[in-house]
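Step one of this worksheet: look at the structure below.
So you know, we letter chains A, B, ... as the sequences are listed, proteins then strands, and number each from 1.
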Amino acid sequence: QTVAVTAPKPETHAAFDVADCKTCHEEAVTAVQRTRHGGLEQQCASCHGPLDEHLKSNLEKGEPGPVIKLSKASAGDINKTCLGCHEKANQANWAGSTHDRRKLACTSCHSIHEYKSDHAQLKTARDSENCFTCHPAMRAKSLRTSHHPLREGKIECASCHNPHDSTRPKMIKAEWTTELCLGCHTEKRGPFLWEHAPVRENCVLCHDPHGSNHDKLLVAKLPFLCQRCHLNTRHPGTLYDGTNSASGVNITNRAVEHACKNCHQNVHGGNAPSGPYLGR
Amino acid sequence: TAEDFQTGEVNLGVNQLNVDTDSSKFLEYRDVPSGVVAPYFRLFGQKGDFRYDFLGSNIRQDDQRYRVKLGNDKIRVEGDYNEIPHRFGNDGHTLLQETSEGVWQLSNTLQGAFQGAITAAPRPSVNYAFLSKLVGPSLDAANHVDLKLERERGNVAVRLTPTKAFDVRVTYFHERRVGDRSASGTSFGFGNVVELPETVHYVTQDFGAEAQYNGSWGVVRAGLHYNWFNNGIESLSFDNPFRVTDSTDASAYTAPGSGSIGGPSHGLMALPPDNKAWVGNVGATFKLHEPTRTRLNVDASYGDFTQDQSPFIPYTTNTAITPTSNPAAPFVAANPANLPAQHLDGKIKRTSFAATFTSRPADKLSVNARFRLYETTNDTTRLSFPGYTRFDGVWEAIPRISVPYDYKNQRFDATANYDFGEVTLEAGYRHTGFDRSYRETEKTKENAFVAAAILRGGSWALLRASYEKGTRGYEGLEIERSEDGSQVKPGAPANLLAIPAEGGGPVIEKTYASFGCGGSPCNIRFDQAHKKVDKIGANLQLTPGNGNATFAVGYFRTNDDYDQSRYGLLSAKYDTVTVEADWSPGEKTSVYAFYTYEKQVDAQRGRQSGAAVSFTTLDDWTSNVNDKTNSFGAGGKFTLKPEKWYLDLFGRYQEVNGNNDIASPTGGAPELARRPLKVGITGIPAYDDTKIWTLNAELRYQFAKAWTFGLGGFYEEYTISDSNSLVNQHYVPGSFFLVANDGDYKAKVGYVRVSYRW
């Protein structure tokens, strides 16, 4: 029997012992006790509301009495229960976030009793498996040949995104995309003597952080990517087609291996006095 | 407090790895050694109110990781040490050796021999065939290098929680990056690219303190971080295979060839300079009215980024570039004293402010609004240079000035959603504005309308869909400004995307007329050009019957249409469809499978000009990239016999078929340039086509309550067809390339595991 999640947290000390719950729910209680939830003052009642009736009916009639079953509750009710304690730190701005507005519940990703991860009590061993449920395109991109070490388990979706946030675009964990990337690629922070304007502005103008089949997570292959902006006289605007590629009849160092970067290495900005063209 | 407990797991085993090529790709970000391995251990427990959690994975491997969490409710310590290898390619060939960190040389004898042979040869014969024959024998005996970088990342956080409401966190981060990656850019000009490993020796550190106070009214927080980057090597020095003595001439940057055999004996490249950053933030989330869950969040942050320590390298290493031998040079270019400054006084201030409001004024109605401002102010002192040396070959008397780009981004969005029983509808508006300095547009503004719907069918069906339609425009266009770049006196527009519509004189007006786009400019760079944006997303999840099975269908599309542009990027479309199912009929079995199809279509137009901008559309060329990707995956976990036999199966396949269709009119410069080669305009079918197969099976037998024996296998096959990548050609026209192998492989891993749990 399910009771709507309206009961406020009981103030008095629990009138039961968690061992009573273990009688029927051994695995669930053991799992909770291995987490910090195990130390909650009200123990099971913190989330499931008053349990006296539940236990009393079980003892007297052999049939469990009323209890708040969060697995049947609405996303709003589940979140209200969890945010009662967790509306701070990473979750301070859950309300109004895209995930909140799309009616995700805390238990869409986290599990109190049947968690599989070694941190954050996620329903899956790694957070990306959770995210891929609604973002399958990101799973496909993470399989691309040029990728961050997500599938190797070296970073996670939460390394760059805070899925609980409502204050920043795409829930990134920085004030701006570029600052997020500079967290790990600090050598590109500068400022530099010779700057490259789109690089200073936004890394995703040229890179797809989720994965790409082109070198260095680029959104397009060189030299075509550079020619989206640089159609100068002489070599920049020149067409480099299959004829000039590695298997072509007229190989040129402007189209093979690193193409434009064969000479313009410091494309992220450079400090050499003779580097106004971002070479050297 | 909860009961005391202690659990743990130790996992040991033996691997046997077999990879059929020396490609680095299989081990790009991981380490799979043959022999004894310790993939995992964990000790996790609680004693009174003290909890401890020690975790280790891939013990003593290049991809090892150790995590620790200790503490009680008053003080908690968390530590994480994570090594991430990044292997770029194996067995690259180079004539040079690293004689000391960041210094790549070949013997003066060999340099001298090459220079002598070139000097002795009749100038017209100094061509690819001659040079290839000259360097061939040395390349056959070349130095072999593996390009690999190792990131060693350490994090420590101490969290003090004196009371339930207040906590303070002090963090320290240290990352060392050591190794080599492909330098690219170590070049002596159009005729002499000398690709080398770039020696990397970076250390990044961050010291931070954050505090947070939680009250019934909300949360207030503040934080301060000092982050600093040091590069152990400030420049990369590399010998010019074809010169043992410095020399210069007007065409030295095209050497060696019929135009010149001059140039420097070695080159110098500035590596990323040291830099520092202070970042502070304050913020608060106020619970204004609990019954309506009304929240106001305000965040302000200030950042100060500086780069003012690393000394500039000189204009050049070429001691021959002096006023006497290179009249254009105003001074001895190799003397650092002639630089206008000895280091940059680089300063960027960054401020950001964000306010978010959310409320449920009525039970079924939720309203949200966000404003965010992010502004960078680049106070870096502008430095003027009378000119520069081109690839250490010759002085170019083109005055340059550094350009301190900065920008401001303002974003506002508001949404309202209403629950109509099982259906929730959302409508919203989003505005994004950019102000930029030193660019061809002063402002760009994007306005978009957003709609979303959530449809619930009882507990067995859930559809989430969203649609976004927006348009971006620009203001304050001065298109020729894009030509400025770092030119003190911008010359005639050399960039097709920098030609003003009017007032440029007959040539420019004729060029503009040939664009065929009427009055409005159609040659603005895509990061500022007029753009129409469409985004559609839908995800249907079905959980029929008893909920053991879930089916999901997802569709997602983004379409950036640069509708007013005729040159540069014209459009970028991405479509993806996914179907997915998982089924757990009981405790003993759970299986899943997914298929995702993706299609990326990018259209681009360019124009090939000679020394001056061409004004004929015959010289135009178009590139239409069409990437199709198919990804399959399936897996299952089977309990063959409870508490005895377990089987895990897992398979994944992805095929990316990229194709770049290229076209250019007959009689245009591109087509005419190919006639002597007896080829026409050629598309690029091998546009990073890849296939990757991964199959994994593991059978486990629990021979005692705490003990499990596992037997497993892992097969992965990868192929890539990449039009840019050379194969076994370490010297091609005008270039030495490492050609380090990160290509195809077939990898087989067999392993046994013994796991003890308590």
Do B:Asn281 and A:Glu175 get their side chains close enough for a donor-acceptor pair, meaning under 3.5 Å? no
Flag the pair B:Glu426 and A:Arg102 as a salt bridge only when some basic side-chain nitrogen lies within less than 4.0 angstrom of an acidic carboxylate oxygen. yes
Looking only at atom types and distance, does a side-chain atom of A:Ser274 sit under 3.5 Å from a main-chain N or O of B:Thr389, one as donor and one as acceptor? yes
Side-chain (B:Gln307) to main-chain (A:Pro191) donor-acceptor, under 3.5 angstrom: yes
Any side-chain donor paired with an acceptor under 3.5 Å for B:Asn227 and A:Arg189? yes
Go through the side-chain N and O atoms of B:Thr356 and A:Ser166 and say whether any donor and acceptor fall under 3.5 Å apart. no
Heavy-atom pairs under 4.5 Å with chain B: which of A:Gly153, A:Ala92, A:Cys260 has the most? A:Ala92
Quick check against the 3.5 Å criterion: does B:Gln46 have a side-chain atom that pairs as donor or acceptor with the backbone of A:Arg34? no
Derivation of the side chain to side chain contact (heavy atoms under 4.5 Å, CB included) call for A:Thr145 and B:Tyr718: CA-CA 9 Å; A:Thr145 187; B:Tyr718 167 80; 2.5 Å; yes
I'd like to know if B:Glu195 and A:Lys261 make a salt bridge, using a cut-off of under 4.0 Å between side-chain N and carboxylate O. no
Just checking, is any N or O donor in the side chain of A:Glu179 or B:Tyr374 under 3.5 Å from an acceptor N or O on the other one? yes
Using a strict cut-off of less than 4.0 Å between a Lys/Arg side-chain nitrogen and an Asp/Glu carboxylate oxygen, indicate whether B:Glu598 and A:Arg144 qualify as a salt bridge. yes
Which atoms of A:His147 come close to chain B, meaning under 4.5 Å heavy atom to heavy atom: side chain ones, backbone ones, both, or neither? both
Any donor-acceptor pair under 3.5 Å linking the side-chain atoms of A:Asn213 with those of B:Thr690? yes
Determine whether the side chains of B:Asn82 and A:Lys154 contain a donor N or O and an acceptor N or O closer than 3.5 Å. yes
Based on non-hydrogen pairs under 4.5 Å, which of A:Ser247, A:Ser146, A:Ala89, A:Ser212 is most in contact with chain B? A:Ala89
Would you say the side-chain atoms of A:Asn253 pair up with the backbone N or O of B:Phe190, donor to acceptor, closer than 3.5 Å? yes
Do B:Asn495 and A:Asn232 have side-chain N/O donor and acceptor atoms under 3.5 Å apart? yes
If the threshold is 4.0 Å, N to carboxylate O, is there a salt bridge linking B:Asp602 and A:Arg228? yes
Side-chain donor-acceptor pair under 3.5 Å between B:Tyr407 and A:Trp176, yes or no? yes
With a 3.5 Å distance limit and no angle check, can you tell me whether A:Arg280 reaches the backbone of B:Ser187 through a side-chain donor-acceptor pair? yes
Any ion pair linking A:Lys221 and B:Asp722 (charged N to carboxylate O, less than 4.0 Å)? yes
I want to know whether A:Trp194 and B:Phe385 have ring centres closer than 6.0 Å. yes
Heavy-atom distances under 4.5 Å only: say whether A:Leu83 touches chain B with side chain, backbone, both or neither. side chain
No-hydrogen, no-angle side-chain donor-acceptor test under 3.5 Å, B:Arg674 and A:Asn244: yes
With no hydrogens and no angle check, is any side-chain donor or acceptor of A:Glu257 less than 3.5 Å from a backbone partner on B:Leu726? yes
Does the A:Arg234 side chain pair with the main chain of B:Gly610, one donor and one acceptor, at a distance under 3.5 Å? no
Carboxylate-amine/guanidinium proximity below 4.0 Å for B:Arg42 and A:Asp118: no
